Protein chains: 2
Amino acid sequence: MKLFEERGYEGTTVADIAERAGLTKRTFFRYFTDKREVLFSGTEIFEGTVIKGVLDAPAKASPLDAVAAGLDASAVVFEQIPDRAGKRQALLDANPELQERERAKLAGLSGSVAAALRERGVTEPAAGLAADAGMSVLRVAFERWTTDPHGQDLRKLLRDALAELKSVTA
Amino acid sequence: MKLFEERGYEGTTVADIAERAGLTKRTFFRYFTDKREVLFSGTEIFEGTVIKGVLDAPAKASPLDAVAAGLDASAVVFEQIPDRAGKRQALLDANPELQERERAKLAGLSGSVAAALRERGVTEPAAGLAADAGMSVLRVAFERWTTDPHGQDLRKLLRDALAELKSVTA
DNA sequence: GTCTATAGTCCGATAGAC
DNA sequence: GTCTATCGGACTATAGAC
């Protein structure tokens, strides 16, 4: 993160990162398949929290509400590291190739959420559609949270975005 | 396409493509910013058709129904080249880096659709949410269309997916 | 059209942990 | 004695600079 802040993402080579960490380039690629991946470590914690939230939602909750429960549970993860989340977001905003990876990760999360819904007995295509809808809600809420100067509660933003979505598709 | 079928996407270098086309590598990069981009030319036609469909939808149509009108209009584009669409899909399925680009293109389309909705007077975040929902519907319908042996009418699949979405978010 | 930087891979070697 | 982590360096292809 320090290197990226100093020289930008493009301006930092894998060799630079490895050197700063006291390793060689070769070893970097043992830990990260990609240069991009280095900005996405820790993602699994977030994903795990979401999935747990989906599975733990009340049995009678609708598919979309179960997804919402998962997102709500995960909000805590971000709120613990707001400044790091902000810096990361700034890097993503400036680099299309990082945005591509971000979307791929979100698509992966959507797939996992859909699988969790199926465990709850939801069938396709409902599971996939509900999962995608959740990603959309997350995107809107998260964007507001990072944009807004001293953002409101992320969980409130999530609830608001969900309500908007329901009204749009009504 | 021939080269990709013979040697696969990874197994084909940009130099190979350029040579087959009677050009140099340098010239390839004048036309395509990326090796990946070569599989996404012609996309603009599709995007233009969608946008036109959104803008031409009845003034009283809901945001989501306007998006549906755009997708419906675009279905014709695919149905004209079903086998090419199938081959392309097979390449995408086998290469994660192409899937990333595909998602980026879809995200771009979503942004354009949202802009078209705003021209229709729809405000954010409704416009963005409706546009994203449309992408989700498109994904589900398109997947069924290419998977299903002798697929049904793509437009019917689109209508079905839209109905599913509405019921999921109800 | 040439020239160069960088991502990413492959091979083999080495050293420490248990 | 095997298993795992690191290293060094050579090599290819993409991509961009000039």
Side-chain angles (χ1 to χ4, degrees), chain A residues 1-45 47 84 87-109, chain B residues 1-44 47 84 87-109 111:
Chain A
M1 270 303 215
K2 279 184 199 158
L3 283 171
F4 288 150
E5 281 167 41
E6 289 169 22
R7 319 181 193 176
Y9 176 78
E10 290 260 314
T12 308
T13 71
V14 171
D16 291 338
I17 301 171
E19 192 193 12
R20 178 71 63 101
L23 300 169
T24 66
K25 196 181 67 165
R26 182 69 183 81
T27 306
F28 175 94
F29 284 114
R30 273 180 58 87
Y31 285 90
F32 306 100
T33 55
D34 247 12
K35 181 182 172 187
R36 296 171 206 95
E37 276 300 305
V38 80
L39 271 160
F40 293 87
S41 67
T43 295
E44 325 76 43
I45 300 170
E47 175 156 336
R84 188 185 163 90
K87 283 176 186 169
R88 204 190 91 113
Q89 193 58 38
L91 278 172
L92 293 216
D93 289 343
N95 293 90
E97 56 177 307
L98 292 176
Q99 292 166 34
E100 285 198 351
R101 180 56 54 85
E102 169 85 334
R103 282 189 207 100
K105 291 286 179 185
L106 266 187
L109 175 60
Chain B
M1 271 305 217
K2 279 185 199 159
L3 282 171
F4 288 149
E5 282 167 39
E6 288 169 23
R7 318 180 193 177
Y9 175 78
E10 291 259 315
T12 307
T13 71
V14 171
D16 292 338
I17 301 171
E19 192 193 13
R20 178 72 63 101
L23 301 169
T24 69
K25 198 181 65 165
R26 181 67 183 83
T27 307
F28 176 94
F29 283 113
R30 274 178 57 89
Y31 285 91
F32 307 101
T33 55
D34 246 11
K35 181 182 172 186
R36 296 175 204 97
E37 277 300 306
V38 81
L39 270 161
F40 293 87
S41 67
T43 294
E44 326 77 42
E47 175 157 337
R84 188 186 163 89
K87 283 177 185 168
R88 204 189 91 114
Q89 194 58 39
L91 277 171
L92 294 215
D93 289 343
N95 292 89
E97 56 176 307
L98 292 176
Q99 293 166 34
E100 286 198 351
R101 181 55 53 84
E102 169 86 334
R103 281 188 208 102
K105 291 287 179 186
L106 265 188
L109 175 60

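Computed from a prediction, not measured in an experiment: that's the story for all the values here. Chain letters run A, B, ... following the sequence lines, proteins first and then strands; every chain starts at 1.
- At least one side-chain nitrogen or oxygen of A:Thr24 sits closer than 4.0 Å to the OP1 or OP2 atom of D:dC7.
- At the heavy-atom level, A:Arg36 lies under 4.0 Å from the strands shown only through sugar-phosphate atoms.
- Between the C1' atom of C:dG8 and the CD atom of B:Glu10 lies a distance of 11 Å, rounded to the nearest Å.
- As rounded to whole Å, 11 Å separates atom C1' of C:dT6 from atom CD of A:Glu97.
- Both A:Thr12 and A:Arg26 lie near DNA chain C, and the one whose nearest nucleotide falls closer to the 5' end is A:Thr12.
- Rounded to whole Å, the distance from NZ on A:Lys35 to P on C:dT9 is 15 Å.
- The shortest distance between side-chain heavy atoms of B:Glu47 and B:Lys105 does not fall below 4.5 Å.
- One can place CZ of B:Arg30 at 19 Å from P of D:dT14, the figure rounded to the nearest angstrom.
- The CZ atom of B:Arg7 sits 15 Å away from the C1' atom of D:dA13 (whole-angstrom rounding).
- In this structure, A:Gly11 reaches neither bases nor backbone, as no heavy-atom distance under 4.0 Å exists between it and the strands shown.
- Of the residues listed (B:Lys25, B:Lys35, B:Arg7), the one engaging B:Asp16 in a salt bridge (charged side-chain N to carboxylate O under 4.0 Å, His left out) is B:Arg7, and it is the only one.
- Here D:dA13 presents its P atom at 15 Å from CZ of B:Phe28, a figure rounded to the nearest Å.
- Around atom CD of A:Glu19, no more than 12 heavy atoms belonging to other residues, nucleotides or ligands sit under 6.0 Å away.
- Put simply, A:Thr13 has no side-chain N or O that comes within less than 4.0 Å of OP1 or OP2 on C:dT6.
- Side chain of A:Asp34, nearest nucleotide from D:dT6, C:dG8, D:dA15: C:dG8.
- Looking at B:Phe4 and B:Lys87, their side chains never come closer than 4.5 Å, going by heavy atoms from C-beta outward.
- A:Glu37 has its CD atom 14 Å from the C1' atom of C:dG8, to the nearest Å.
- Within the nucleic acid shown, A:Tyr31 comes within 4.0 Å of sugar-phosphate atoms alone, with no base atom in reach, counting heavy atoms only.
- Between A:Tyr9 atom OH and C:dT6 atom P the separation is 13 Å, expressed in whole Å.
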Using the rule given for salt bridge (charged side-chain N to carboxylate O under 4.0 Å, His left out), can you reason through B:Glu102 versus B:Arg36, listing the C-alpha separation, both sets of side-chain angles and the distance that settles it, and then say yes or no? CA-CA 9 Å; B:Glu102 169 86 334; B:Arg36 296 175 204 97; over 6 Å; no
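- The base of C:dG8 sits within donor-acceptor range of the side chain of A:Lys25, with an N or O pair under 3.5 Å.
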